[in-house]
Amino acid sequence: MSLVDSAREATLEDVALWDIGKRFGFYGSIAAMVTISMFPVFWILLSSLKPPSELFVFPQEFLPYVITIQDGQLTVVQQFPLTLENYRAALQERPVGQYLINSAIVASGTAIIDVVLGSMAGYALSRLRFPYKLHVLLLILFAALLPFISRLIPLYKLAIDLQGTVFGPFFGLNQYLGLILPYAAFQMPFAVWIFQAYFNELPDSLEEAGLMDGLSRVGVLFRIILPVSMPAMATTAIIVFIYAWNEFLFALTFMTQDSKRTITVGIALFGGQFNSPWGIITAAVFMSLVPLMVFMLVFQKKIVEGMTAGVGKA
Amino acid sequence: MVDSTTGKQDITRIGEEGLRGRLERYRELRITEEELAVVLLMPVLAFLLAVSFYPIVDTIWASLHTGYVVQLPTQTTEFVGIENYRALFTDGSFWNALGVSLFYTFVSVPVELVFGLGLALLLRADFKWKYFAQAAILFPWALPTVINAKIWAWLLNPDYGVISDILVRVGILSQPYPFLSSPDVALYSMTAITIWKTTSFMALILLAGLSSIPDHLYESARMDGASRWRRFRDITLPLLKPTILVALIFRTLPAFQAFGLPYGLTGGGPGEATTTLVLYTQQAAYNNPGPTNGGFALGSAAATVITMIALVIALIYVATLYEPEVR
């Protein structure tokens, strides 16, 4: 065997090895990232299913069942019993169900307002000609830079002042709208941005064709633009819903009655600092995450689209 | 007014139509482009004016007056000039909170950017189960901050925390470690938690930027014999700059306004070791009511300072990273 040949063989082998190594490294990295990302959720689920006697021990049990080989036989050994007691307690002894309903109402209301108003403004900013267009867009986007805490105290004072007046039911403490309206305003720049980016991508001929067919501008809006803007509406609604579901600062300040609290506030105010009922807390936490996990699995494409709208294009 | 064959309005003649013609036109839903724009934009602008811009102005106004007491909503407040700011700037807790927020923000964001870039390069490839892997990796971003705080408060529990458990099992620790109750370590723990939560968000933004870089640039660079590192440095980084700007603004401003994480994780403790600026402001406003220099007066002054810092941060980013498009 000549020197050249053996060198070539070695290289080929190296390449194959290198390939396997690369694949292994790649999938290994992905698996590591998935584990790091999801382990806390797995741990919350496991903790919520543990009886109290298993919760407050060190070291902790990681698996409820372990498969062992004893005398050549596979046996499943139970390490601790799984229980739904924490979920029962969270829903029956604590108003976790009510918290979840409150969050769903507030988040849906916010999403509806942002989709309706955001699509209107986004359409105008993208497809109509009028003076000071760029200034208006920049003004709306500027609102996104303003810190939430600087909007909290005046709105809180306003809610207190309106309590007991005819405006009380619309904007006051312990009113759903008292959260929906601020949330909708906070996410409005985002909604407008999504819609104007989406409308920018549509062909110019869309309106022209409608006007040619004798539709009015309002007719074009409802008959042509509304149906084609459904994808942007879904994207906006999902991201705004997640934001409103997650918000804490305003929810903590505006909802002072336990029956009106959202899930984030309800969980944050569970128990004291030292004797926290971790079994019930982990059960409530896991329930609060279920809608978010479903969203992430079903609407991942929309979520990614929304988060990255306009990135790399501007 | 309306061209009967095309249905298009003749915009140039609006000035001449008079009130009656205009009403006639509206009744038939025939409106001009500009009028439609006004109708569509008004609700949003009015809404933002009432719920975003007015409160900012009111906060600045309140920061120059004596406090507002919730029990006496009709009281008048007195102008005190910069008195509230004097009280704020002589409060050691304010400076501590500012330091905590600056550390938390300017450590977590650059680390997230570097990790996020690595993760984005990893996720650029197509592979089996990518949809599920990406859903899992992205999930921490969707967690509510305060619930994330509770999750980690349990995982890092000083007595029963699973992180201590794992570190004991692999032999790094010999007993549970007080990650959150040790004054020297609590802020590092909190910063690490936020890096864990938002790295994937950073990755996704950067991934969108990466996918907009045309492939032929890499191909021609490879033909010229440019190394992997040179291709990254000379093609990827410069073309990714606008995306990095967006990602930095998206992350820095929320990080600077961290509230739910310290509230749920440590309550700002031990002592004030993890009290961020917004937590300090919220506590000043709501736990310390009083007509002069307390409650909403001090809170408003602190909130105004936060607004100023947020705007300065945004301005610096835009000024240093923004390059006018050459097309």
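Each chain gets a letter, A, B and so on, in the order its sequence line appears, and its residues count up from 1. Below, all heavy atoms of this structure are taken into account, side chains as well, without hydrogens, waters or symmetry copies.
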Nearest-0.5 Å distance that lies between atom [atom1] in [X] and atom [atom2] in [Y]:
| X | Y | atom1 | atom2 | result |
| --- | --- | --- | --- | --- |
| B:Phe250 | A:Phe190 | CZ | CZ | 8.0 Å |
| B:Glu33 | A:Glu207 | CD | CD | 8.5 Å |
| A:Thr308 | B:Leu207 | OG1 | CG | 8.5 Å |
| A:Ile149 | B:Ile306 | CD1 | CD1 | 6.0 Å |

Can you tell which part of [X] gets under 4.5 Å to a heavy atom of chain A, answering side chain, backbone, both or neither?
| X | value |
| --- | --- |
| B:Trp61 | neither |
| B:Phe127 | both |
| B:Ala302 | neither |
| B:Leu45 | side chain |
| B:Leu48 | side chain |
| B:Gln282 | both |
| B:Asn148 | neither |
| B:Ala314 | side chain |
| B:Leu253 | side chain |
| B:Tyr263 | side chain |
| B:Ser164 | both |
| B:Leu119 | side chain |
| B:Leu122 | both |
| B:Val51 | both |

Checking [X] against chain B: side chain, backbone, both or neither under 4.5 Å from a heavy atom?
| X | answer |
| --- | --- |
| A:Ser119 | neither |
| A:Leu55 | both |
| A:Val57 | backbone |
| A:Phe171 | neither |
| A:Ala31 | neither |
| A:Val116 | neither |
| A:Thr264 | both |
| A:Val220 | neither |
| A:Met33 | both |
| A:Ile44 | side chain |

Test side-chain contact (heavy atoms from CB on, under 4.5 Å) on B:Trp129 and A:Ile30; report intermediate values, then the result. CA-CA 10 Å; B:Trp129 302 106; A:Ile30 295 286; over 6 Å; no
Any idea which of [options] has the most non-hydrogen atom pairs under 4.5 angstrom with chain B?
| options | answer |
| --- | --- |
| A:Phe130, A:Phe62, A:Tyr27 | A:Phe62 |
| A:Thr35, A:Ile239, A:Ile263, A:Leu139 | A:Leu139 |
| A:Leu117, A:Leu292, A:Ile153, A:Val34 | A:Ile153 |
| A:Val41, A:Val192, A:Ile267, A:Ile113 | A:Ile267 |

Taking the side chain as every heavy atom from C-beta outward, state whether [X] and [Y] have any pair of such atoms under 4.5 Å apart.
| X | Y | result |
| --- | --- | --- |
| A:Leu181 | B:Phe47 | yes |
| B:Leu311 | A:Leu145 | yes |
| A:Lys157 | B:Asp58 | yes |

Counting N and O atoms only, with roles assigned by atom type, does the side chain of [X] sit under 3.5 Å from a partner on the main chain of [Y], one being a donor and the other an acceptor?
| X | Y | answer |
| --- | --- | --- |
| A:Trp43 | B:Ile151 | no |
| A:Ser150 | B:Thr304 | no |
| A:Gln300 | B:Tyr131 | yes |

Run the ring-centre check on A:Tyr156 versus B:Tyr286 and record whether the distance is less than 6.0 Å. yes
I'd like to know which of B:Gly264, B:Ala149, B:Pro140 tops the heavy-atom pair count under 4.5 Å against chain A.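 Winner by heavy-atom pair count: B:Pro140.
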With no hydrogens and no angle check, do the side chains of B:Thr59 and A:Arg151 hold a donor and an acceptor under 3.5 Å apart? no
Quick one about A:Thr282 and B:Trp154 (side-chain donor to acceptor, distance below 3.5 Å, no hydrogens or angles considered), yes or no?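 No, no side-chain donor-acceptor pair sits under 3.5 Å.
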Which class fits the ring pair A:Phe56 and B:Tyr160: parallel under 30°, tilted 30 to 60°, perpendicular over 60°?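 Rings of A:Phe56 and B:Tyr160: perpendicular, over 60°.
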